[in-house]
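Basis for what follows: all heavy atoms, side chains included, without hydrogens, waters or symmetry-related copies.
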Amino acid sequence: MEDEQSTNPEASHVDGPAKEESEHVHERGGHAESAASGKSSSPAEKLKGFLSFDRADAGNASRKLDPDAKVRYLNGESLSRPLDMPNGVKRGMLAALVAAAIIGCAFLAWYFDGVANGPKRQEQAIEETLAKEVSYDLPDLYSLMPLDDEGILAALHEANLPIFEVPAQSERSVLQIVKLPPDMNVVDAGMMYASGVSKLSAADAAKLLNGSWDLQVDRENGVNMVVHFADFSAATVDEAIQTALTAEGLNETNITESGEDSAGNTFTAGTIDGENGSYSWRVSALPLSKIYSIDGLPQNAVYVGIRMTS
């Protein structure tokens, strides 16, 4: 035996490293085997070695867990409860639904009442307003022509007329006075005029215009005095003109012309002479709808203007 080992030294040399290499491969999971052979491992062999190493480490980690460690479990009682809402929430939602239904019904009733009955109520209000007997108390323009602005205001106040002076809107000196209708205060009338008569409802416009008038005095070129009012009692434009002539005492004066002008106004014109001087006058009228586009006002309502100039 000794002779064989001594005669084959290479065999002894090979056995030694091979055994050592085998132990090394056992420890590292097969990676060294391919390195000892001098050949590169295939991808499959590398993956096999990695998985072998990973399982071994996982096993070692599991063996290191403390068997006496306490496991804590979450309380799952809330997950097993029924999904029904609490009674308090149910009652609250029911009350909210009832309130919403009541509000919705009230709104619909108000809306349909306004649509169906609104025009009828407005028509009744207009009829009640125009059925009242009102006195226009038109100013006597001929007696006011010689007076200055302060004298005109004093004369109207002396007649106990409910009037107010409209503030001037420009530097041009124009006196403007409004006579209020019966049962209307200055604040309400002023707000209506400020908002614009054309923007009023038919009922409010009838209340404001029936029994009221406005007077403007312009002294830029002589004296130019004009009063405007709405006549709701006249059946025609011609009838409204005759009413204005009678109120101003112009029927017995000198009438020079009458007819219709290029603007569509029906008019009567003339002159007046007396102790206060000689002046020209003109009474013109046209349908009220030509001045104010307000639906619901009577179709026969007339807008009248009486002008006197020096």
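Considering every non-hydrogen atom in both P182 and N210, the closest pair reads CD-O, 4.2 Å. Of all heavy-atom pairs between I152 and M225, the closest is CD1-CE, 3.9 Å. Pairing each heavy atom of P139 with each of E248, the nearest pair is O-OE2, 2.6 Å. In terms of heavy-atom proximity, S198 sits nearest to I294 at O-CG1, 3.9 Å. In terms of heavy-atom proximity, S284 sits nearest to N265 at CB-CB, 4.1 Å. Summarising the geometry of L286 relative to G264, their closest heavy-atom pair is CB-O, 4.4 Å, with the distance given to 0.1 Å.
Tracing side-chain contacts under 4.5 Å through hydrophobic residues (I, L, V, M, F, W, Y), one reaches W213 starting from L153; they form part of the same cluster. Both L161 and Y193 sit in one connected hydrophobic cluster of ILVMFWY residues. Membership requires side-chain heavy atoms under 4.5 Å apart, directly or through other members. If you chain together hydrophobic residues whose side chains sit under 4.5 Å apart, L208 and L138 fall into the same group.
D214 and S212 form no side-chain donor-acceptor contact under 3.5 Å, judged by distance and modelled atom types alone. Side chain to side chain, D137 and S135 meet the donor-acceptor criterion of an N or O pair below 3.5 Å.
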query = Stepwise, does the side chain to side chain contact (heavy atoms under 4.5 Å, CB included) test hold for L250 with Y142?
reply = CA-CA 10 Å; L250 300 175; Y142 183 72; over 6 Å; no
message = side chain to side chain contact (heavy atoms under 4.5 Å, CB included), that's the test. Do D261 and R282 meet it? Break it down for me.
response = CA-CA 12 Å; D261 60 20; R282 173 186 169 102; 2.6 Å; yes
ask   = When you look at Y292 and L200, which way does the side chain to side chain contact (heavy atoms under 4.5 Å, CB included) test go after all the steps?
value = CA-CA 10 Å; Y292 302 121; L200 298 176; over 6 Å; no
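For the atom pair CD1 (I163) and CG (L156), the distance works out to 4.5 Å, reported to the nearest 0.5 Å. To the nearest 0.5 Å, atom OG of residue S143 and atom CG of residue L141 are 8.0 Å apart. Atom-to-atom distance recorded for L175:CG and R219:CZ is 7.5 Å, nearest 0.5 angstrom. Atom CG in D149 sits 7.5 Å away from atom CD1 in I177 (nearest 0.5 Å). Rounded to the nearest 0.5 angstrom, D148 CG and E150 CD are separated by 5.0 Å. Rounded to the nearest 0.5 angstrom, L209 CG and D231 CG are separated by 11.5 Å.
Proximity of L245 to W281: side-chain heavy atoms (C-beta onward) are separated by under 4.5 Å at one or more points.
Between D188 and K207 no salt bridge is recorded (no basic side-chain N to carboxylate O distance below 4.0 Å).
Listed for the K199 side chain is no donor-acceptor partner under 3.5 Å among the backbone atoms of M192.
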Expected list for residues 267-276: side-chain donor-acceptor pairs under 3.5 angstrom, two or more places apart:
residue	atom	partner	partner atom	Å
T271	OG1	N254	ND2	3.4
D273	OD1	S278	OG	2.5

Going by atom type alone, with no hydrogens or angles, which donor-acceptor pairs under 3.5 Å involve a side-chain atom of residues 297-310 and a protein atom two or more places apart or on another chain?
residue	atom	partner	partner atom	Å
N300	ND2	A234	O	3.3
R307	NH1	N224	OD1	3.1
S310	OG	V223	N	2.9

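Heavy-atom neighbours of D183 CG from other residues, nucleotides or ligands within 6.0 Å: at or below the threshold of 12.
Take Y136 and apply the ring-ring contact (aromatic ring centres under 6.0 Å, His included) test, not counting sequence neighbours, and it matches F229.
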